[in-house]
Trainee: 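Structure incoming, see below.
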Amino acid sequence: MDSKIKTRLMKRIESIVGPENVTVHETDTVLNAHDAWPLSEAKIRAGESLPLADLVVFPASTGEVAEVLKVANEMEIPVTPVGGGAGTCGGTLPIYGGIQLDLKRMDKILNIDHESMLITVQSGIVGIDLEEAVNRHGYTMGHTPTSLRASNVGGFIATRSGGSLSSLYGKIEDLTLGLETVLADGSVIRTKAVPRHSVGPDLKQLFIGSEGTLGVITEATLRMFPIPDERRFRSMAFPDVHSGLTAIREIFRHVTPSLVRLYDPEDTAMFVANHFDVDEGDCMLMLGFDGTPAENDLSESKSVEVCLSKGGKDFGEGPSKRWWEHRYDMYYPNRLTTSGYAIGDTIDIVATYDKLENVYYAMKKAMEEHDAIVMSHFSHMYQNGGSIYMIFFTNQPDAETAWATYRRIWDDGVAACLREGGTMSHQHGVGLSRTTYTEGDMGSAFDVLRRIKKVLDPKGIMNPGKLGLGVRD
Amino acid sequence: MIDPEKIPSQVRMCSACPKMCRHVCPTFFAWRSDSPTPHGRALLIHQEIKGTRQLDERGIEVLYQCLECAHCLTWCLPEIDIAEIVEHRRTELVKEGRHPAGLTSLVANVVEHHNPFGEAHNARSDWIEVSPKKGKRIAYFTGCTSAYREKEIVESTVKLLDSLGFDIVIPDEWCCGSPLLRTGFIDEALEQARHNVEVLNSLDVEEIVTTCPGCYRVLKQDYASHGLKLNSQVSHLSEFLETKIKDLKTARIEGKVTYHDPCHLGRHMDVYDAPRNVIQKVTGRKVVEMERHADNAMCCGNGAGMRLLFPEKAKAIGNERIRQAMDVGADMVVTACPFCRNMLASQSGDEIRVLDLPELVSLTLEDE
Ligand SMILES: Cc1cc2nc3c(=O)[nH]c(=O)nc-3n(C[C@H](O)[C@H](O)[C@H](O)COP(=O)(O)OP(=O)(O)OC[C@H]3O[C@@H](n4cnc5c(N)ncnc54)[C@H](O)[C@@H]3O)c2cc1C
Ligand code: SF4
Ligand code: SF4
């Protein structure tokens with residue numbers, strides 16, 4: 001950015017948020033640049049530099065966000081919203097410079113409505129802080145992504161994130177009842193919090209998953225649930241993916257567990273067999289049930305009956321409970337995953353049951369062709385289908401080969417997913433890592449998104465380059 | 001002390017961690033930015049080692065914003081000790097003459113007056129009255145903060161130890177060196193340390209007792225790691241009182257009492273139970289724990305030069321800790337550190353009473 005423009009911009013932003021809440025220090029732009037995109041992380045380890053913002057701005061209110069956007073829009077400065085900065089797709093990387101608008105200071109709980117079991121918060125509240133706050137009142141948010149400690153509500157909503165108990169509670173798009181969003185020109189729009197409505201299309205859904213490309217989410221009204229009396233676990237080993245999936249489909253015809261995860265043979269070998277005596281090649285199904293003891297008795301016994309009839313071997317609560325208690329562990333860096341030019345990622349696809357198994361095998365085959373270890377689990381399951389975490393890992397002798405291999409695995413993995421009728425993301429979003437695949441995934445519907453973008457953000461200032469929108473040459 | 005050879009691999013790993021411990025970092029709480037965070041600090045050092053980018057003035061500031069509370073370590077599966085890594089880099093920065101200017105007066109005060117406040121040395125303990133007793137002879141190392149700023153701690157400790165029949169000696173102590181060691185001024189700290197070792201070793205005492213966890217850690221650990229040997233055992237008052245728990249009485253204390261773990265006593269020295277047991281004996285009830293307690297306790301915000309360099313942020317952290325105590329309905333917060341007492345009392349308003357451990361225990365004497 002031209003230094004004269006930068007000085008002018010800085011002055012105007014300072015007068016909105018106060019000088020202590022905006023920084024141009026290179027150190028701050030470096031430390032705030034990246035989210036948890038594995039490619040950024042690998043590049044950091046390798047000593048490479050990432051794209052930097054010119055300014056990082058920390059607003060405290062919707063009013064300040066609106067004023068900042070007005071200035072940015074007038075001066076045609078790119079704005080990249082930042083939530084917790086723990087997204088996995090490079091969504092917060094300011095690839096065209098400009099402003100990073102970091103919402104972490106907007107962390108207030110504005111209202112708890114006990115009658116309607118709703119809570120209204122500013123979007124910068126961190127997931128764990130929100131969960132602990134509602135726990136004190138006997139509620140849970142029902143949203144349990146493993147990024148709960150780092151990500152915030154705005155980030156959850158902007159990426160359509162999902163917790164590991166989404167089978168029962170739903171994803172964030174099911175948990176969000178009302179939204180306040182600031183558009184690129186600084187206008188503030190609010191969608192009313194109602195359980196259901198029939199007044200035209202549900203406009204809040206336009207912003208849920210918009211990844212900062214259509215506006216800045218500043219406030220949300222979210223559902224709460226009473227903390228369940230009991231969370232119970234059960235585990236079953238199946239001889240293959242097919243029998244495990246058959247059991248899952250059947251379970252959903254009768255009951256709704258909170259947790260449903262089926263590990264393929266490789267993932268079972270890696271994360272389950274080191275603690276439990278599982279036969280080689282078996283697939284571990286982990287189930288969880290939230291409810292009263294009587295409700296759980298019913299759901300569990302029905303699920304067990306289904307599993308045993310489909311060839312399941314009972315492992316009791318062990319593997320499932322252990323996973324729940326250690327669910328954060330695998331995300332910490334360790335020697336293996338950070339050595340040399342090691343890089344891995346997760347392609348979190350989703351498909352209906354009629355396609356799911358084909359998607360799995362096609363992707364596995366395509367990804368394994370690139371010198372990668374691939375292990376997977378069916379991670380979030382529903383009545384009609386579910387998601388697969390297609391996890392890959394590769395280690396190459398130099399950076400160039402590593403980053404190129406990484407890209408090829410993505411290209412071929414996503415292509416296989418789309419070819420077999422899947423969708424490329426269930427919950428992580430698109431960001432930068434998948435931006436070039438967006439049109440391919442959405443097909444003809446992408447044009448609607450492109451047109452909406454043109455109307456809401458004619459100057460293209462909002463998070464350019466992400467979600468397939470505003471990619472510059 | 002950390003092995004410097006391990007630092008490059010550790011900061012490399014941490015610099016790109018998906019922020020797994022950030023939610024407990026008090027400086028992240030205070031600034032709400034990814035700069036003053038565990039992985040942020042690691043990233044600065046990693047880039048420097050890799051040659052990607054040199055540490056600039058702002059980078060140095062970010063390293064000096066660390067409270068060295070080690071809360072991040074509690075949450076770090078690969079056990080990367082950011083406090084130790086930061087302290088090591090600070091030591092080098094001091095050698096390079098690149099430490100923040102705001103610390104200069106602190107260092108000069110300690111060198112000249114043997115306390116960080118620049119108070120006269122002869123006023124350090126001339127006001128403390130002890131009377132000879134028949135019992136075990138112990139040295140009471142008060143530390144600077146209690147000697148000059150939190151005198152109630154000294155008064156109640158002396159009264160208490162006296163009532164238990166101990167023969168108290170107040171040594172001609174200098175600053176233990178903690179504020180200098182933690183901010184990287186090793187040489188100046190060791191000058192203080194050598195004086196203290198000489199004085200304490202010249203005393204005919206069976207044990208050295210201190211009420212300050214900062215002093216406790218330095219006397220017990222840092223002196224030894226710099227080859228300085230104390231002849232008598234060093235105890236924190238909480239441990240010392242625990243061994244005399246049978247002699248302690250129970251006082252009539254209304255309301256809920258919680259305990260705030262000082263970082264230097266808890267996470268750095270692993271003393272968690274002794275203060276709790278003493279409180280339980282004195283109040284007759286178990287401590288009401290805050291959600292974040294023991295090795296997961298939040299720092300009070302008063303550590304490692306923070307209050308000197310960034311007073312508003314330090315207070316915001318202290319204020320949050322008081323809020324956490326109020327969350328569990330506490331009427332009283334007991335701590336075992338003059339720094340924590342000072343910070344928490346400054347933020348407690350009228351709603352909650354803050355006492356240091358000896359102040360609480362000496363309430364049993366008032367009842368008599
Ligand atoms: C260890 C780890 C575990 C994870 N586990 C899960 C999981 O279980 N489930 C899951 O769904 N995801 C998971 N993720 C991915 C990720 O954390 C989530 O997708 C999360 O929703 C991102 O939130 P954030 O606040 O970190 O967003 P950020 O990374 O800050 O931002 C994500 C995107 O949203 C935009 N954005 C952020 N805030 C706003 C706002 N207020 N208004 C408009 N746009 C905004 C940003 O510009 C960016 O494009 C995990 C990530 C990590 C690192
Ligand atoms: S200290 Fe540990 S948990 Fe925290 S960021 Fe570094 S590696 Fe991650
Ligand atoms: S030692 Fe404390 S202040 Fe420093 S990085 Fe760790 S948690 Fe933050």
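Per chain, numbering begins at 1; letters A, B, ... match sequence-line order.
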Trainee: Checking side-chain polar atoms at under 3.5 Å, does B:His99 have a donor or acceptor matched by the opposite partner on B:Arg90?
Mentor: no
Trainee: Considering only heavy atoms and a distance below 4.5 Å, find which of A:Ala46, A:Ala33, A:Pro38, A:Gly127 pairs most often with chain B.
Mentor: A:Ala46
Trainee: Which answer fits A:Arg105, side chain, backbone, both or neither, if we ask what part of it has an atom under 4.5 Å from a heavy atom of chain B?
Mentor: both
Trainee: What part of A:Thr88 is in contact with chain B, defined as an atom under 4.5 angstrom from a non-hydrogen atom: side chain, backbone, both or neither?
Mentor: neither
Trainee: Most heavy-atom pairs under 4.5 angstrom with chain B, which of A:His34, A:Glu20, A:Glu48?
Mentor: A:His34
Trainee: Which answer fits A:Asn334, side chain, backbone, both or neither, if we ask what part of it has an atom under 4.5 Å from a heavy atom of chain B?
Mentor: backbone
Trainee: Can you tell which of B:Cys76, B:Gly59, B:Ser33 has the highest number of heavy-atom pairs within less than 4.5 Å of chain A?
Mentor: B:Ser33
Trainee: Under a 4.5 Å heavy-atom cutoff, which of A:Ala86, A:Gly84, A:Ser40 has the most pairs with chain B?
Mentor: A:Gly84
Trainee: Of B:Arg53, B:His46, B:Gln47, which is the lone residue that meets side-chain contact (heavy atoms from CB on, under 4.5 Å) with B:Lys50?
Mentor: B:His46
Trainee: Run the ring-centre check on B:Tyr272 versus B:His293 and record whether the distance is less than 6.0 Å.
Mentor: no
Trainee: For A:Asp129, which atoms come within 4.5 Å of any heavy atom of chain B: side chain, backbone, both, or neither?
Mentor: side chain
Trainee: Answer with yes or no whether the side chains of A:Asp28 and A:His25 bring together a donor and an acceptor at under 3.5 Å.
Mentor: no
Trainee: Between B:Glu291 and chain A, which part of the residue has a heavy atom less than 4.5 Å away: side chain, backbone, both or neither?
Mentor: side chain
Trainee: Supply the atom-to-atom distance B:Met343 CE to B:Ile317 CD1, rounded to the nearest 0.5 angstrom.
Mentor: 7.5 Å
Trainee: Using heavy-atom distances under 4.5 Å, tell me whether A:Ile128 contacts chain B through its side chain, its backbone, both, or neither.
Mentor: side chain
Trainee: Are A:Tyr406 and A:Phe392 close enough that their ring centers fall under 6.0 Å?
Mentor: yes
Trainee: Does a salt bridge link B:Arg323 with B:Glu320, judged by any charged N lying under 4.0 Å from a carboxylate O?
Mentor: yes
Trainee: Scan for salt bridge (charged side-chain N to carboxylate O under 4.0 Å, His left out) pairs involving residues 19-29 of chain B, sequence neighbours excluded, and state none if there are none.
Mentor: B:Lys19-B:Asp34, B:Arg22-B:Asp34
Trainee: Just so I understand: if I count every heavy-atom pair under 4.5 Å between each of B:His39, B:Glu61, B:Arg32 and chain A, which residue has the most?
Mentor: B:Arg32
Trainee: Please state whether the side chain, the backbone, both or neither of A:Tyr331 comes within less than 4.5 Å of a heavy atom of chain B.
Mentor: both
